[in-house]
Amino acid sequence: QQKVQQSPESLTVSEGAMASLNCTFSDGTSNNFRWYRQHSAKGLEVLVSIFSDGEKEEGRFTAHLNRANLHVSLHIREPQPSDSAVYLCAVSPITGNTGKLIFGLGTTLQVQP
Amino acid sequence: GPKVLQIPSHQIIDMGQMVTLNCDPVSNHLYFYWYKQILGQQMEFLVNFYNGKVMEKSKLFKDQFSVERPDGSYFTLKIQPTALEDSAVYFCASSSGHSGNTLYFGEGSRLIVV
């Protein structure tokens with residue numbers, strides 16, 4: 001069973017400084033990785049989806065996937081206080097892909113003005 | 001972006017009673033999901049549903065749980081009877097396909113069983 005771990009558990013950055021979040025998974029044969037964020041008491045907002053090794057950019061959000069290293073990261077360019085939220089890494093399991101996602105525990109990002 | 005609506009946003013219920021959580025998925029989506037998140041723990045898959053049937057369910061989807069989507073109405077999660085350990089936030093999601101398609105989530109229904 002695919003396992004997903006995120007680091008750091010929490011991160012504080014200053015407005016405008018790059019924020020980098022990490023996610024490791026246990027099996028590199030998955031090909032479906034997503035970053036979501038969750039503002040307090042709100043639903044999940046999809047940020048970036050990435051399906052092959054390399055880089056994928058969506059606005060200020062860039063995901064880097066390296067399946068050989070079992071690692072996917074999220075970089076937030078010029079973060080703003082409104083980006084303060086919990087960021088969740090989600091991976092599809094390897095077999096029988098029925099749309100199920102396996103989530104990490106999340107990284108709580110605080111962006112200070 | 002696409003919106004998934006969930007009703008109620010929160011509910012307190014006595015242990016042993018029945019509860020129904022309602023989800024209005026994104027229009028034209030065909031795949032529907034429920035996830036459970038206990039405070040401080042990761043979000044976990046419960047069940048997915050397509051064409052009137054459960055496709056896959058996890059071990060968290062106990063016998064007391066059921067899902068359905070009668071034509072033109074909400075996708076529902078029913079728990080009967082409820083137990084204390086069912087207290088959690090339940091998130092509904094929908095997608096247009098399954099493999100490779102983005103899941104869009106609602107804001108969750110917070111259930112407290114007392």
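Quick note: numbers below take in every heavy atom, side chains included, and nothing from hydrogens, waters or symmetry partners. Every chain is numbered from 1, with letters handed out A, B, ... down the list of sequences.
Counting non-hydrogen atoms of neighbouring residues, nucleotides and ligands closer than 6.0 angstrom, the NE2 atom of A:H39 exceeds 12 such neighbours. For NZ of A:K56, the number of neighbouring non-hydrogen atoms (other residues, nucleotides, ligands) closer than 6.0 Å is greater than 12.
Rounding to the nearest 0.5 Å gives a distance of 11.0 Å between CE of B:M55 and NZ of A:K100. Distance check, rounded to the nearest 0.5 Å: CD of B:Q42 to CD of A:Q5 gives 9.0 Å.
Of all heavy-atom pairs between B:F91 and A:L44, the closest is CE2-CD1, 4.2 Å. What you find for B:G40 and A:L105 is that their closest heavy atoms are O-CD2, 3.7 Å. Contact record, B:L103 with A:Y36: O-OH, 2.7 Å, taken as the closest heavy-atom pair.
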- Apply side chain to side chain contact (heavy atoms under 4.5 Å, CB included) to B:F45 and A:I102, showing your working. CA-CA 7 Å; B:F45 169 81; A:I102 297 171; over 6 Å; no
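Using a 4.5 Å cut-off between heavy atoms, A:Q38 contacts chain B through its side chain alone, with no backbone atom that close. At a 4.5 Å heavy-atom cutoff, B:Q6 makes no contact with chain A through either its backbone or its side chain.
Residues B:F105 and B:Y90 are members of separate hydrophobic clusters, defined by side-chain heavy-atom contacts under 4.5 angstrom among Ile, Leu, Val, Met, Phe, Trp and Tyr. Under the 4.5 Å side-chain heavy-atom criterion for grouping Ile, Leu, Val, Met, Phe, Trp and Tyr, A:L88 is not connected to A:F61 through any hydrophobic cluster. Hydrophobic clustering (ILVMFWY, side-chain heavy atoms < 4.5 Å, transitive): B:L60 and B:L77 are in one cluster. Under the 4.5 Å side-chain contact rule for hydrophobic residues, B:I13 and B:L84 share a cluster. Under a hydrophobic clustering in which Ile, Leu, Val, Met, Phe, Trp and Tyr are joined whenever their side-chain heavy atoms come within less than 4.5 Å, directly or via other members, B:L39 and A:Y87 fall into different clusters.
Put simply, the side chain of B:Y35 gets close to the backbone of A:L101: a donor and an acceptor are under 3.5 Å apart.
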